[in-house]
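Computed from a predicted model, the values in this text were never measured in an experiment.
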Amino acid sequence: MSDTYYEFGTAADRWNRAQMFFEAKEYMTAARILEGLVEEVPEQVSPRLLLARTYYHSARLGKAEAELRAVLELDPVEHYARLMLGRTLERQGRGAEAAGHLRMAAAFSGDFDSGPGLTSTGGPAGT
């Protein structure tokens with residue numbers, strides 16, 4: 001990382017700064033800060049999830065996918081990561097692969113009606 005002011009400070013300072021840049025839609029800057037945090041604390045889900053979101057919003061979909069898969073290795077029932085992975089795969093034209101992740105995200109969040117191909121009873125559509 002370069003020696004810029006926003007990469008200094010405690011992990012908490014950098015986390016707050018990364019969130020500020022993310023909210024300001026400065027995704028590349030937020031990603032630079034978060035990449036350092038993820039290196040420092042690879043077992044924590046929150047920095048990885050926000051890093052995946054920065055990659056998604058800056059159209060670095062391969063990197064977003066890799067971070068989301070890492071999040072799901074750490075926490076397989078993290079429904080937002082599951083949803084984001086589904087959306088990321090859709091944006092890459094991988095709808096069939098995305099569908100399973102989207103259904104799981106809906107199930108984890110308790111929203112059985114919104115999963116692709118599901119009815120309000122949670123069963124397959126058309127039954």
Side-chain angles (χ1 to χ4, degrees):
M1 286 204 295
S2 68
D3 292 336
T4 54
Y5 81 94
Y6 45 77
E7 294 164 335
F8 288 104
T10 67
D13 292 338
R14 287 177 284 137
W15 170 249
N16 290 334
R17 210 170 289 129
Q19 289 178 306
M20 178 191 69
F21 280 110
F22 181 84
E23 290 169 10
K25 298 182 181 180
E26 295 286 338
Y27 301 121
M28 300 297 276
T29 303
R32 285 179 40 201
I33 298 166
L34 290 164
E35 286 165 352
L37 282 173
V38 165
E39 254 181 54
E40 217 173 288
V41 287
E43 71 284 356
Q44 289 192 4
V45 169
S46 295
R48 282 190 179 277
L49 191 53
L50 188 57
L51 179 57
R53 291 175 67 199
T54 66
Y55 288 150
Y56 180 86
H57 287 294
S58 59
R60 296 189 292 176
L61 301 178
K63 286 186 171 208
E65 179 183 349
E67 285 303 323
L68 291 165
R69 290 188 187 280
V71 166
L72 291 170
E73 280 185 35
L74 294 168
D75 186 357
V77 295
E78 168 50 66
H79 77 277
Y80 189 69
R82 196 65 70 180
L83 173 67
M84 278 195 63
L85 180 57
R87 298 290 180 232
T88 299
L89 293 170
E90 282 181 330
R91 277 183 73 183
Q92 295 178 71
R94 295 160 59 191
E97 191 178 347
H101 293 288
L102 295 172
R103 277 193 300 274
M104 281 192 280
F108 290 149
S109 70
D111 186 12
F112 297 104
D113 293 336
S114 67
L118 297 181
T119 65
S120 60
T121 62
T127 59

Practice task
Output yes when a side-chain donor or acceptor of Arg17 lies under 3.5 Å from a complementary backbone atom of Phe8, and no otherwise.
Solution key: yes
Handout entry: Residue pair Ala106 / Ser109: nearest heavy atoms and the distance that separates them
Key = O-OG, 3.1 Å
Practice task
Kindly compute the distance separating CD (Glu67) from OG1 (Thr54), expressed to the nearest 0.5 Å.
Solution key: 8.5 Å
Exercise for the section: Not counting sequence neighbours, which residues clear side-chain hydrogen bond (donor to acceptor under 3.5 Å, both in side chains) with Ser46? List them please. Expected result: none
Handout entry: salt bridge (charged side-chain N to carboxylate O under 4.0 Å, His left out) partners of Arg94, counting only residues at least two apart
Key = Glu65, Glu97
Handout entry: Contact list for residues 57-97, test ring-ring contact (aromatic ring centres under 6.0 Å, His included), sequence neighbours left out
Key = Phe22-His57, Tyr27-His57
Problem - Between CG on residue Asp75 and CD on residue Glu43, distance to nearest 0.5 Å - result: 13.5 Å
Exercise for the section: Show your reasoning for whether side-chain contact (heavy atoms from CB on, under 4.5 Å) applies to Met28 and Phe21. Expected result: CA-CA 9 Å; Met28 300 297 276; Phe21 280 110; over 6 Å; no
Handout entry: Contact check, side chains of Leu68 and Leu49, non-hydrogen atoms, under 4.5 Å
Key = yes
Handout entry: Atom pair CZ/CZ of Arg48 and Arg69 - distance to nearest 0.5 Å
Key = 14.0 Å
Problem - Glu39, CD: over 12 other non-hydrogen atoms inside 6.0 angstrom - result: no
Handout entry: Ala11: partners by side chain to side chain contact (heavy atoms under 4.5 Å, CB included), with sequence neighbours left out
Key = Arg14, Leu37, Glu40
Practice task
State the CG-CG distance between Leu34 and Leu50, to the nearest 0.5 angstrom.
Solution key: 4.5 Å
Handout entry: Trace of the side-chain contact (heavy atoms from CB on, under 4.5 Å) decision for Glu35 with Leu51
Key = CA-CA 7 Å; Glu35 286 165 352; Leu51 179 57; 4.0 Å; yes
Practice task
Apply side-chain contact (heavy atoms from CB on, under 4.5 Å) to the pair Ile33 and Trp15, showing each step before the final yes or no.
Solution key: CA-CA 8 Å; Ile33 298 166; Trp15 170 249; over 6 Å; no
Handout entry: Path from Met104 to Val77 over hydrophobic side-chain contacts below 4.5 Å
Key = yes
Exercise for the section: Measure the spacing between OH of Tyr55 and NZ of Lys63 and express it to the nearest 0.5 Å. Expected result: 4.5 Å
Practice task
Locate the shortest heavy-atom distance separating Ala81 from Val71; write the atom from each residue and the value.
Solution key: CB-CG1, 3.6 Å
Practice task
Check side chain to side chain contact (heavy atoms under 4.5 Å, CB included) between Glu90 and all other residues, then give those that pass, not counting sequence neighbours.
Solution key: Arg87, Ala98, Leu102
Problem - Results of salt bridge (charged side-chain N to carboxylate O under 4.0 Å, His left out) for Arg82 - residues two or more places apart only - result: none
Handout entry: Nearest heavy-atom neighbours spanning Ala18 and Ala30
Key = O-CB, 3.6 Å
